[in-house]
**Q** 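Just dropping this structure here.
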Amino acid sequence: MGRPLGKTGLAAAIAGAALLGTAAMAEERTQPVVLELFTSQGCSSCPPADAMLAHMAGRDDVLPLAFHVDYWDYLGWADSFSDPAFTHRQKGYARKWGERMVYTPQAVIGGVDSTIGSRSLEVADFLMAHWSVPERIDIDTHRRGETVEITLSPHDAAAGPLPRDIAVHLARYDPIERVSIPQGENAGLEIDYANIVTDWEHLAEWDGTAPMTLSVRPGDHAALIVQQGGQGPILGAQRIGLAE
């Protein structure tokens, strides 16, 4: 579960996130690296990680998404953004990696690496490592009114075949919300939450061979997440919200 972290931790989180401002994205990458934060309004260790995520929300080379889990909801305060589906997603990573427990705040980078979400320097190291990895797929989008047409195709045949079990997801999110928390571990705090996932939709399965085209109605703020099946590595991502 949560781990205590006071003012020193918050300062370190903000300082670590600031370091990311000096990191240059690898020239060959055009897609952001996905940063998933599993968090809760009821977890006293989470505000520093939430602040880090909010700091990164304005970057183009990172796609930070906050998944609010529900297992803190019975300990004094029910998170207004929590969804059991997000707890299920976090547990899916735990099963994938052979871990017996889940906790908050947990940061997952690129569907591959994981660390305590308030350890901003470790998050920064993982992000920089992922920026140096060439893209595996191309994502082309065309807006047609309220609909976005998306075409997925292998990026470079020389890099070898793609996995045959690729899941295509759509994450809709709220870019910013301020919440006053009257009860629970964060009682008395007013916290700004960023990129709060409100809906996670499975769009399609793709075998990674021939190009695939699909049309979606993403809403104002949304992102496409292309991930190897079984919650493996994230192979591609792109913001496709109408207000982006």
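Source: prediction; values computed, not measured.
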**Q** Between W200 and D83, does a side-chain contact (heavy atoms from CB on, under 4.5 Å) hold up when you go through it step by step?
**A** CA-CA 10 Å; W200 180 262; D83 190 319; over 6 Å; no
**Q** Are W72 and E185 packed together at the side-chain level, in the sense that at least one heavy-atom pair is separated by less than 4.5 angstrom?
**A**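 In short, these two side chains touch, coming nearer than 4.5 Å.
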**Q** What do the steps show when you test D156 against E135 for side-chain contact (heavy atoms from CB on, under 4.5 Å), and what is the final call?
**A** CA-CA 9 Å; D156 185 359; E135 292 168 357; over 6 Å; no
**Q** Just checking, any donor-acceptor pair under 3.5 angstrom between side chains of T213 and T151?
**A** yes
**Q** Could I get the full list of ring-ring contact (aromatic ring centres under 6.0 Å, His included) partners for H130, not counting sequence neighbours?
**A**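 Residues passing ring-ring contact (aromatic ring centres under 6.0 Å, His included) with H130: none at all.
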**Q** What residues, two or more places apart in sequence or in another chain, satisfy salt bridge (Lys or Arg N to Asp or Glu O under 4.0 Å) together with E201?
**A** R172
**Q** Please enumerate all residues that pass side-chain contact (heavy atoms from CB on, under 4.5 Å) together with A54, with sequence neighbours excluded.
**A** A194
**Q** Can you sort out the partners of F126 under ring-ring contact (aromatic ring centres under 6.0 Å, His included), two or more places apart, ordered by chain and number?
**A** none
**Q** Tell me which pairs pass salt bridge (charged side-chain N to carboxylate O under 4.0 Å, His left out) where either residue lies in residues 84-110, with sequence neighbours left out.
**A** E36-R89
**Q** Per the salt bridge (charged side-chain N to carboxylate O under 4.0 Å, His left out) rule, what does the pair list look like for residues 63-79, sequence neighbours excluded?
**A** none
**Q** Under the rule for salt bridge (Lys or Arg N to Asp or Glu O under 4.0 Å), what residues qualify as partners of D207, not counting sequence neighbours?
**A**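 Testing D207 for salt bridge (Lys or Arg N to Asp or Glu O under 4.0 Å), a comparison that skips the adjacent residues, returns none.
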**Q** Who passes side-chain contact (heavy atoms from CB on, under 4.5 Å) against A243, sequence neighbours left out?
**A**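 With neighbours one apart ignored, the set is D220, H221.
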**Q** When clusters are formed by joining ILVMFWY residues with side-chain heavy atoms under 4.5 Å apart, either directly or through shared neighbours, do V34 and Y93 land in the same one?
**A**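 Yes, V34 and Y93 fall within the same hydrophobic cluster.
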**Q** Going by heavy atoms in the side chains, are L35 and I109 under 4.5 Å from each other?
**A** yes
**Q** A side-chain contact here means heavy atoms from C-beta on lying under 4.5 Å apart; do D174 and Y193 qualify?
**A**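 No - every pair of side-chain heavy atoms lies 4.5 Å or more apart.
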**Q** F86: what forms a ring-ring contact (aromatic ring centres under 6.0 Å, His included) with it, not counting sequence neighbours?
**A** F67
**Q** Measuring only between side-chain heavy atoms, which start at C-beta, is I196 closer than 4.5 Å to H68?
**A**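 In short, these two side chains touch, coming nearer than 4.5 Å.
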**Q** Taking the side chain as C-beta and beyond, is there a heavy-atom pair between P64 and R59 under 4.5 Å?
**A**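 Side-chain contact under 4.5 Å: no.
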**Q** Name all pairs fulfilling the salt bridge (charged side-chain N to carboxylate O under 4.0 Å, His left out) condition that reach into residues 139-154, sequence neighbours left out, sorted by first residue then second.
**A**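 Pairs touching residues 139-154 that pass the test: R144-E149.
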**Q** Who else is in the cluster with L242 when I, L, V, M, F, W and Y are joined by side-chain contacts under 4.5 Å?
**A**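 ILVMFWY cluster around L242 also holds I137, I139, V148, I150, L152, L162, I166, V168, L170, L203, W206, M212, L214, V216, L224, V226, L235, I240.
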**Q** Under a 3.5 Å cutoff, is there a donor and acceptor pairing between the side chains of W97 and S114?
**A**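 Absent: no donor and acceptor within the cut-off.
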**Q** Indicate yes or no: at least one non-hydrogen side-chain atom of N186 is less than 4.5 angstrom from one of P47.
**A**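 Yes. Closest side-chain heavy atoms under 4.5 Å.
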**Q** Not counting sequence neighbours, which residues clear side-chain contact (heavy atoms from CB on, under 4.5 Å) with E122? List them please.
**A** T115, R119
